Amino acid sequence: MSYAKVLSVGLVGVTGHLIEVEADLAAGLPAMVLSGLPDTALHEARDRVRAAIINSGQEWPSRRITVNLLPATLPKRGSVFDVAIAVAVLAGAGELPLAAFDRVVILGELGLDGTVRPVRGVLPMVAAALRAGITRVVVPLGNAQEAAIVPGVLVKAIDTLHRLIAFVRDGEPMLDPSDQAVPGHDAPGPDLADVAGQPLGRRAIEVAAAGGHHVALFGPPGAGKTMLAERLPSILPELDDEAALEVTALHSVAGALPPGGRLLRRPPFQAPHHTATVQSLVGGGSGLAKPGAISLAHRGVLFLDEAPEFSGRALDALRQPLESGRVLLRRVSGATDFPARVQLCLAANPCPCARPAGDMYCECSPRVRRHYLSRLSGPLLDRVDVQVTLPPVTAADLLCAGPPGEPSAAVADRVAKARAAAAARWSAKAWRTNAEVPGPALRGDEWRLPARSTAGLLRLLDTGGLSARGFDRVIRMAWTIADLDGRHRPGPDDVAEAIQLRMGVLR
């Protein structure tokens, strides 16, 4: 036989596509040609595959070999097709029977010595295979636990090309995912009880967590802005199965999964440095784009410390993903779509000098202070629901003169109950949190708040104190506050607190 075909999977973003790897061996000068829109790494597979086959004790066919990856119009990248190409070449040369690879997806990168190395993105690849009706996959041993996350798929692992050949020829067993099991436990994160004082800051992140709202914390150094932001994930509910699969798939594509191949149940936390570029925040790179920090924080928290120090282009690039919950990146080689449903958390000092004592010793003029905070553009801040200014921490707070603050577990319990109430209310529309509810639904007849509750809010809208977007965001926060306090519908006090949380920032 001079022709063989096996199955593999390619990724575009986090979406997997079934790929047919064809090999045709014909008479002619010995050579190997790859077609089907391969990238540079895939072009180099010719040398890797040849060396791996020879070092696995097999003979390299001295014929003209053409390897084609179908569909040919879909860009292919990376080294995930190495093992599939090697199997197709050996099967086309008559060295391996093809029956063993019927309806089997093969994934893995080859070393020159024939070892099979792990690759990125195995979880979404296996999920794509299952959607296509393929229930058997062969993966590198290092990816076995990750592949086994997908239910309904029989996963077999290999550590060398020789092991795969021996399985086909002699029936020797391949490896099971349990052979690579690595016990692992999530380390406990920072606790909210560590924060000294700051009742307003605590309330702000509790409301943000309960409703999925974006939050901005302003205040002098040492006020606890970073501590509060880092503890926001500790009061968020664990991810459900659907969200956990989404988050784990994104981290798999980025090569950021922790050892053990477990589903990520804890909401992710991303805190890029203020020198981060637009591409590192929203995604990018040569060829097909890769996920950025906002996608790696999907269903979790994206924290921008010292937010005014970020470039204006980088900050404004976040505006559209914050509204849509997705990042669509178009490149010459194709478009890539990444989920990006995050809670944005900004932290900023009130001025460049950032004296710990606040205004008493500040050397910045009002113009300098305004210019510094204006680096956070109005359109970006308009999308941030909670905006509060924290006062300096007092000596009494720091020395724990009063009762200690609530631990994360107690706050997380209230947050979970509030989220459950919101999910039950919006279940007919499949909205998870109050922050996801569109404005027209809040202003519609069924959920519109009475005039006595929104009188002050309407005055702010008419006088320009709030934009229409800000109006909707205050209403969403009022619903969240009512959920936290166990009320079925917001009242005037809930709207007033929401206005305070929205407007309580130095301008």
Side-chain angles (χ1 to χ4, degrees), residues 8-21 34-45 69-81 105 107 109 118-132 143 146-147 149-150 242-257 264 268 270 272 276-300 302 311 313-342 344:
S8 190
V9 177
L11 283 179
V12 177
V14 289
T15 304
H17 301 269
L18 202 64
I19 303 296
E20 296 179 0
V21 181
L34 273 172
S35 62
L37 288 185
D39 69 350
T40 302
L42 189 49
H43 264 299
E44 294 171 349
L69 307 176
L70 296 174
T73 55
L74 189 73
K76 324 292 188 313
R77 65 183 181 91
S79 55
V80 67
F81 305 104
V105 158
L107 308 171
E109 173 184 331
V119 293
R120 296 181 178 184
V122 163
L123 176 60
M125 290 178 187
V126 175
L130 184 61
R131 287 195 301 270
N143 296 124
E146 179 185 342
I149 291 174
V150 182
E242 179 185 353
L245 279 171
E246 288 180 347
V247 171
T248 308
L250 280 163
H251 283 71
S252 174
V253 169
L257 273 185
L264 299 179
Q270 292 286 315
T277 62
V278 175
Q279 290 75 20
S280 66
L281 281 179
V282 300
S286 59
L288 291 175
K290 299 175 183 177
I294 192 171
S295 293
L296 294 179
H298 178 59
R299 302 294 180 191
L302 176 64
S311 75
R313 288 185 64 247
L315 290 173
D316 287 339
L318 300 175
R319 285 155 48 179
Q320 185 269 336
L322 291 179
E323 287 288 319
S324 65
R326 304 199 70 82
V327 175
L328 179 61
L329 302 169
R330 296 191 180 277
R331 298 291 186 268
V332 173
S333 55
T336 309
D337 187 20
F338 293 114
R341 181 69 64 184
V342 303
L344 177 66

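Every heavy atom of this structure was used, including side-chain atoms; hydrogens, water molecules and symmetry mates were not. Throughout, residue positions are numbered sequentially from 1 according to the sequence presented. These numbers were taken from a predicted model, which means no experiment stands behind them.
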Under 3.5 Å: donor-acceptor pair, side chain of His251, backbone of Val247: yes
Ala129 versus Val105, closest heavy-atom pair with distance: CB-CG2, 3.9 Å
Main-chain N/O of Gly36 paired with Lys76 side-chain donor or acceptor, under 3.5 Å: yes
Side chain to side chain contact (heavy atoms under 4.5 Å, CB included) assessment of Leu18 paired with Val9: CA-CA 5 Å; Leu18 202 64; Val9 177; 4.1 Å; yes
Point-to-point distance, once rounded to the nearest 0.5 Å, from CG of Leu329 to CD of Gln279: 9.5 Å
Donor-acceptor pair, side chain of Ser8 and main chain of Leu107, under 3.5 angstrom: no
Inter-residue atom distance Ile19.CD1 - Leu70.CG, 0.5 Å rounding: 8.0 Å
Side chain to side chain contact (heavy atoms under 4.5 Å, CB included) between Val80 and Glu109, intermediate numbers included: CA-CA 5 Å; Val80 67; Glu109 173 184 331; over 6 Å; no
Polar side-chain atom of Glu146 near backbone of Leu123 as donor-acceptor pair, under 3.5 Å: yes
Side-chain donor or acceptor of Ser295 paired with backbone N/O of Gly292 under 3.5 Å: no
Intermediate values then yes/no, side chain to side chain contact (heavy atoms under 4.5 Å, CB included), Leu264 and Leu257: CA-CA 8 Å; Leu264 299 179; Leu257 273 185; 4.0 Å; yes
Any side-chain heavy-atom pair of Leu245 and Ile149 under 4.5 Å: yes
Leu296 to Ala254 - nearest heavy-atom pair and separation: CD2-CB, 3.7 Å
Heavy-atom check, side chain of Val12 versus side chain of Leu74, under 4.5 Å: yes
Criterion side chain to side chain contact (heavy atoms under 4.5 Å, CB included) on Val253 and Lys290, from CA distance to verdict: CA-CA 8 Å; Val253 169; Lys290 299 175 183 177; over 6 Å; no
Distance-only donor-acceptor check, side chains Ser324 and Gln320, under 3.5 Å: yes
Leu318 side chain near Ile294 side chain, heavy-atom distance below 4.5 Å: yes
Exam field: side chain Ser252 to backbone Gly121, donor-acceptor pair closer than 3.5 Å: yes
Where Asn143 and Pro118 come nearest, the two heavy atoms and their spacing: OD1-CA, 3.0 Å
Heavy-atom check, side chain of Val14 versus side chain of Pro291, under 4.5 Å: no
Which atom of Ala147 lies closest to which atom of Val126, heavy atoms considered: CB-CG2, 3.8 Å
Flag, side chain of His17 to backbone of Gly10, donor-acceptor distance under 3.5 Å: no
Considering all heavy atoms, the nearest Thr248-Ala244 contact: OG1-O, 2.6 Å
Non-hydrogen side-chain atoms of Pro272 and Leu302 separated by less than 4.5 Å: yes
Heavy-atom side-chain contact between Leu69 and Leu37 under 4.5 Å: no
Considering all heavy atoms, the nearest Gln270-Ala293 contact: CG-O, 3.7 Å
Asp39 side chain vs Gly78 backbone, donor-acceptor pair below 3.5 Å: yes
From Arg299 atom CZ to Arg341 atom CZ, the distance as rounded to the nearest 0.5 Å: 6.5 Å
Check: Thr336 and Thr15 side chains under 4.5 Å, non-hydrogen atoms: no
